[in-house]
Amino acid sequence: MSRSRIAFVTGADRGLGLGITKRLLELGWDVFAGSYLADWPELTELSQKEPERLHVIPLDVASDESVQAASRAVEATSGRVDVLINNAGIATHYPRTIHEEQVEEELLQIYNVNAVGPMRMAQSFVPLLRAGAGKRMCFVSSEAGSINRSFRDNWYGYCMSKTALNRGVQCLFDELRPEGFTFRLYHPGWVRSYMSGELNTDGDLNADDAARMAVAYFLRNRYEDQGMQEEDRLVMRDWLGREWPW
Amino acid sequence: MDQIVLITEAHHPWGRALVREFAQKGWRVMACSPVSVEMFQDAFDTDRIHIFTMDMRSRESVQQAVERIQEQTSRVDLLVCGTLSSQGKESAGIANMSADLVLEDYQANALGPIRVIEACLPLMDHGLRRIALLSDVQGSLGLGLSGAGTGYAMSKAALHMAYTMLHGDLGRKGFTFRLFEPGPEPETEVSAEAAAAYFTGSREDEERMVMLDWRGQEVPL
Ligand SMILES: NC(=O)c1ccc[n+]([C@@H]2O[C@H](COP(=O)([O-])OP(=O)(O)OC[C@H]3O[C@@H](n4cnc5c(N)ncnc54)[C@H](OP(=O)(O)O)[C@@H]3O)[C@@H](O)[C@H]2O)c1
């Protein structure tokens, strides 16, 4: 019997995370899907169709306890993860400029989910990834975090959270690349998802198409030849394959 | 007419040196610090310096301080804000990361300056309109240095994003910026002198987003 390939996806209830989960199942992977929204049906329905291969795990990436509990659950079930996909993220409901009053609680919550969340996940899941085959960490970031292409006057909380995430991933890369870990830092495009609280119908991509492209990039190996390893360079790429400057 | 500077973190040795530099240059200084005023009132013996309690981690504290500053002046020409290195509290390495400290770093290092700027903007309509932000090369994505505490590096990167957004918005309204890395502790005096000269002088490329270290070297964001 061939060994299954195992991924963990955060924020899998809807949007891109649900799409990624479905795509991985189609490709024959076993998936641990972090569920934040208890009363959203799609992930539960999917797990009824795939009870052997899809494990739904309650997960709030903004909580140390929840992240640790999730890693213990995976430890008890499979003892390893091959690919970790940090997708969970929230956007702002108050896109304010510096001339307006910032909403403090929201600034902190966005940072806690978008920047600290993936770092918590990395911290708790490093041992499970070491036990796995891929040692791959994927991070759904955003063009909004690119300092060199920054153009917005509002959205401070979201933009800062993604820049900080990129810097955090640099630190992880620095530390873990020598051990053989590989990294994917990704801008998924403008997706018709639920980031603003309701379904955004204006985006360029539906969540399943966005997920298909994301998963293709996450799972593919990058160029390697004598003396040359593309994996030794950390880059942010987008759904069209374009590289984004920091 | 006297020029007026507001400086945060005046209890820190570097901040204190900067306060003295500005007083010597003949500026009036609004020196702010989270440490209670009595703790270091004697450090400054000139009437050019006014001391205020301000904790950048709290919006209320920032707003109260700015209200009290308004009793002294209706105008701030230059705002110098940002935390001075908190490195040492956390060590590098993901295993050592504390999520609570990562959030604390963000509170102080990225949100702190935003709170101060938001509260001071009404005082900056007239005058020099200059904002100096204190940062650290560890926040630079362009350099991608290793060895820092993760949360600290992330918070300064977030500050750099805020800087680019402020630069775009306020730059169109006549504001100029100084993003500055004060450097190591032993160089405090030299660095504060260089900072005061840099913060008050003009630069030929004000439109560009520039970060300089205390030696005048450009650091990529
Ligand atoms: N949509 C875009 O155009 C776009 C562009 C660039 C980058 N991105 C990034 O893509 C990623 C996926 O976003 P999306 O567009 O698919 O948005 P989405 O539809 O809102 O999906 C995000 C998922 O994460 C969950 N989540 C929220 N807070 C969480 C927490 N504390 N812990 C665990 N999960 C949590 C959400 O649950 P709730 O629904 O209950 O909040 C939701 O299921 C995010 O990182 C986002 O920043 C999106």
Side-chain angles (χ1 to χ4, degrees), chain A residues 61-64 67 96-104 107-112 115-117 119-127 137 144-176 234 236 245-246, chain B residues 58-60 63 92-103 105-107 109-111 114-115 117-119 121-122 131 138-170 172-173 175 209 211 220-221:
Chain A
V61 299
S63 148
D64 285 357
V67 168
R96 305 225 163 144
T97 70
I98 193 69
H99 309 282
E100 300 159 276
E101 202 175 296
Q102 302 297 314
V103 182
E104 295 245 334
L107 289 174
L108 274 171
Q109 179 63 7
I110 291 177
Y111 196 76
N112 199 4
V116 191
M119 301 302 288
R120 273 193 194 92
M121 287 296 298
Q123 185 175 48
S124 278
F125 279 74
V126 157
M137 290 193 188
S146 168
I147 287 184
N148 289 284
R149 292 282 180 276
S150 155
F151 61 90
R152 292 179 174 85
D153 285 348
N154 52 15
W155 273 38
Y156 277 85
Y158 187 76
C159 295
M160 290 194 297
S161 74
K162 294 293 189 180
T163 308
L165 169 63
N166 293 350
R167 182 71 186 106
V169 175
Q170 282 190 339
C171 294
L172 289 171
F173 175 87
D174 234 29
E175 182 184 351
L176 298 172
L234 181 66
M236 178 157 83
W246 294 121
Chain B
S58 145
R59 152 174 273 161
E60 288 68 43
Q63 283 172 345
I94 187 68
N96 300 319
M97 184 193 78
S98 143
D100 288 342
L101 279 185
V102 178
L103 283 165
D105 279 332
Y106 183 63
Q107 263 282 16
N109 303 339
L111 297 187
I114 290 179
R115 290 185 188 105
I117 292 167
E118 187 190 301
L121 274 185
I131 297 174
Q138 288 292 351
S140 163
L141 281 137
L143 292 179
L145 297 174
S146 53
T150 309
Y152 179 71
M154 289 168 69
S155 70
K156 290 295 191 180
L159 176 67
H160 295 175
M161 171 52 85
Y163 162 68
T164 66
M165 296 177 71
L166 292 164
H167 193 282
D169 182 337
L170 297 174
R172 286 191 298 274
K173 300 174 176 88
F175 279 76
M209 287 180 289
M211 173 169 172
L221 291 174

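- In this structure, chain B has heavy atoms under 4.5 Å from both the backbone and the side chain of A:I147.
- Taking CG from B:L141 and CE from A:M236, the interatomic distance works out to 9.5 Å, rounded to the nearest 0.5 Å.
- Not counting sequence neighbours, the partners of B:T150 by the side chain to side chain contact (heavy atoms under 4.5 Å, CB included) test are A:M119, A:C171, B:M154.
- With a 4.5 angstrom heavy-atom cutoff, A:N154 touches chain B only via backbone atoms.
- Interface summary for chain B: among A:W246, A:Y111, A:F151, the most heavy-atom pairs under 4.5 angstrom belong to A:Y111.
- Closest of all the heavy-atom pairs between A:E175 and B:I94 is OE1-N, 2.8 Å.
- Put simply, the side chain of A:Q123 gets close to the backbone of B:M97: a donor and an acceptor are under 3.5 Å apart.
- Looking only at heavy-atom pairs under 4.5 Å with chain A, the residue among B:A110, B:G151, B:A153, B:A92 that has the most is B:A153.
- Listed options B:P220, B:P122, B:A99 were ranked by heavy-atom pairs under 4.5 angstrom with chain A; first place goes to B:A99.
- To the nearest 0.5 Å, atoms CG (B:L103) and CG (A:N112) are separated by 4.5 Å.
- For the pair A:I98 and B:I114, the minimum side-chain heavy-atom distance is below 4.5 Å.
- Ion pair A:R96/B:E118 not flagged as a salt bridge, since none of the NZ, NE, NH1 or NH2 atoms sits closer than 4.0 Å to an Asp/Glu carboxylate oxygen.
- Only the side chain of A:D174 comes within contact range of chain B, judged by heavy atoms closer than 4.5 Å.
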Show every donor-acceptor pair shorter than 3.5 Å between a side-chain atom in residues 159-166 of chain A and any protein atom, with sequence neighbours excluded, or say none if there are none.
residue	atom	partner	partner atom	Å
A:S161	OG	A:N114	ND2	3.3
A:S161	OG	A:Y158	O	2.7
A:K162	NZ	A:V140	O	3.1
A:T163	OG1	A:G145	O	2.9
A:T163	OG1	A:C159	O	3.0
A:N166	OD1	A:S141	OG	2.8

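- The CD atom of A:E104 sits 7.5 Å away from atom CD of B:E60, with the distance rounded to the nearest 0.5 Å.
- Looking at A:E101, both its backbone and its side chain come within 4.5 Å of chain B, counting heavy atoms on both sides.
- At a 4.5 Å heavy-atom cutoff, the contact between A:Q170 and chain B is made by side-chain atoms alone.
- Residue A:R167 holds its CZ atom at 6.0 Å from CD of B:Q138, rounded to the nearest 0.5 Å.
- Separating the OG1 atom in A:T97 from the CG atom in B:D169 is a distance of 6.0 Å, to the nearest 0.5 Å.
- Looking only at heavy-atom pairs under 4.5 Å with chain A, the residue among B:G168, B:A119, B:S140, B:S155 that has the most is B:S140.
- For a residue to count as touching a neighbouring chain, one of its non-hydrogen atoms must lie under 4.5 Å from one of that chain's; by this rule B:L166 touches chain A with backbone and side chain alike.
- Both the backbone and the side chain of B:L221 come within contact range of chain A, judged by heavy atoms closer than 4.5 Å.
- Neither the backbone nor the side chain of A:A62 has a heavy atom closer than 4.5 Å to any heavy atom of chain B.
- With a threshold of 4.5 angstrom between heavy atoms, A:S124 does not approach chain B through any atom at all.
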